[in-house]
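Below is one structure, written out as structure tokens; comments come after it.
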Amino acid sequence: MKREALPDRTAVHQPAGTHLLADLSGIAAEKLSNCAKLEALLRAAAEAAHARVLFSHFHGFGEGLGVTGVVLLAESHISIHTWPECGFAAADIFMCGSAQPDVALAIIEAAMRPASSQVSTVRRAPPAIS
């Protein structure tokens with residue numbers, strides 16, 4: 001069985017990255033309560049951002065109610081919490097190394113089509129790398 005060469009871990013998994021916190025408002029309720037669709041969206045967003053998906057888990061709180069879910073990445077994570085009754089989703093995207101969290105957020109926003117979004121960006125790194 002042929003094994004793939006592993007990438008240089010220092011280049012791919014640097015302990016530095018960007019953490020995006022996005023409050024997305026004015027979203028159609030039907031886009032906020034389907035676990036399978038939200039999971040597929042976040043996994044696709046991670047892959048488009050050049051992140052490696054390790055595992056995901058999503059939980060729905062009942063018919064027409066919100067969802068909470070997380071996609072674990074080799075580069076960190078993407079999580080989402082939704083409130084269909086308010087047309088609101090809170091997304092948390094943290095990616096280290098060469099992954100592109102802004103690409104993931106753009107894909108999520110394009111699919112959800114919020115009326116407004118408020119995004120906070122935090123650069124994260126150990127003191128020696130900042």
Side-chain angles (χ1 to χ4, degrees):
M1 188 172 208
K2 184 178 179 182
R3 286 187 162 188
E4 288 184 44
L6 293 176
D8 176 6
R9 293 175 65 81
T10 59
V12 177
H13 300 290
Q14 297 171 13
T18 302
H19 198 157
L20 303 178
L21 301 173
D23 289 346
L24 309 173
S25 300
I27 302 169
E30 63 272 7
K31 294 183 179 184
L32 298 173
S33 59
N34 186 307
C35 280
K37 287 183 180 178
L38 287 167
E39 182 171 8
L41 173 60
L42 268 61
R43 290 177 74 97
E47 291 169 5
H50 303 291
R52 185 166 53 107
V53 174
L54 300 176
F55 179 79
S56 59
H57 181 76
F58 283 68
H59 176 82
F61 291 96
E63 184 70 31
L65 298 176
V67 170
T68 189
V70 64
V71 177
L72 298 178
L73 308 171
E75 299 78 8
S76 198
H77 68 273
I78 300 178
S79 67
I80 195 163
H81 306 279
T82 71
W83 291 265
E85 67 276 15
C86 300
F88 179 75
D92 177 331
I93 304 168
F94 180 32
M95 294 181 182
C96 295
S98 60
Q100 301 170 298
D102 52 322
V103 170
L105 180 57
I107 288 170
I108 293 166
E109 287 181 319
M112 294 192 150
R113 301 178 52 96
S116 66
S117 62
Q118 180 76 30
V119 181
S120 299
T121 303
V122 178
R123 176 86 175 131
R124 301 185 78 181
I129 294 179
S130 298

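By convention here, the first residue in the shown sequence is residue 1.
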Do V70 and M95 share a hydrophobic cluster, counting only Ile, Leu, Val, Met, Phe, Trp and Tyr and linking them when any side-chain heavy atoms are less than 4.5 Å apart?
no

Just so I know, are the side chains of P84 and S33 near enough to count as touching, which here means a heavy-atom distance under 4.5 Å?
yes

Might you work through the side chain to side chain contact (heavy atoms under 4.5 Å, CB included) test for R52 and L54, ending with a clear yes or no?
CA-CA 6 Å; R52 185 166 53 107; L54 300 176; 3.9 Å; yes

Once rounded to the nearest 0.5 Å, what's the spacing between atom CG of D23 and atom CZ of F88?
4.0 Å

Separation between CG of L42 and NE2 of H77, rounded to the nearest 0.5 Å
10.5 Å

Hey, are the side chains of D102 and T18 touching, using non-hydrogen atoms and a 4.5 Å cut-off?
no

When you measure from the side chain of K37 to the backbone N and O of K31, does any donor-acceptor pair fall under 3.5 Å?
no

All side chain to side chain donor-acceptor pair (under 3.5 Å) counterparts of H19, not counting sequence neighbours:
D92, R124

Can you tell me how far CD of E39 sits from OG of S56, rounded to the nearest 0.5 angstrom?
3.5 Å

Under 4.5 Å between side-chain heavy atoms, counting indirect links through other Ile/Leu/Val/Met/Phe/Trp/Tyr residues: same cluster for I107 and L38 or not?
yes

Would you say CD of E30 has more than 12 non-hydrogen atoms from neighbouring residues, nucleotides or ligands within 6.0 angstrom?
yes

Looking at every non-hydrogen atom in both residues, tell me the closest pair between G60 and V67 and how far apart they are.
CA-CG2, 4.2 Å

With clusters defined by side-chain heavy atoms of hydrophobic residues (ILVMFWY) lying less than 4.5 Å apart, directly or transitively, does L20 cluster with L72?
no

Honestly curious: do V119 and V103 fall in one hydrophobic cluster under the side-chain, below-4.5 Å linking rule?
yes

With rounding to the nearest 0.5 angstrom, report the OG to CD1 distance, S116 to I27.
8.5 Å

Roughly how far apart are H50 NE2 and S98 OG, rounded to 0.5 Å?
8.5 Å

Candidate pair E85 and L32, rule side chain to side chain contact (heavy atoms under 4.5 Å, CB included), full reasoning:
CA-CA 9 Å; E85 67 276 15; L32 298 173; over 6 Å; no

For the atom pair CD1 (I78) and CD1 (I108), what is the distance rounded to the nearest 0.5 Å?
5.0 Å

Quick check against the 3.5 Å criterion: does S79 have a side-chain atom that pairs as donor or acceptor with the backbone of G69?
no

Do L105 and F94 belong to the same hydrophobic cluster, where Ile, Leu, Val, Met, Phe, Trp and Tyr are linked whenever their side-chain heavy atoms lie under 4.5 Å apart, directly or via other members?
no

Verdict with supporting geometry, I80 and M112, side chain to side chain contact (heavy atoms under 4.5 Å, CB included)
CA-CA 12 Å; I80 195 163; M112 294 192 150; 3.6 Å; yes

Worked verdict on F58 versus V71 for side chain to side chain contact (heavy atoms under 4.5 Å, CB included)
CA-CA 9 Å; F58 283 68; V71 177; 3.9 Å; yes

Indicate whether the side chain of T68 and that of H59 have a donor and an acceptor atom separated by less than 3.5 Å.
no

Restricting to non-hydrogen atoms, name the atom on A16 and the atom on A125 that form the minimum distance, rounded to 0.1 Å.
CB-CB, 3.6 Å

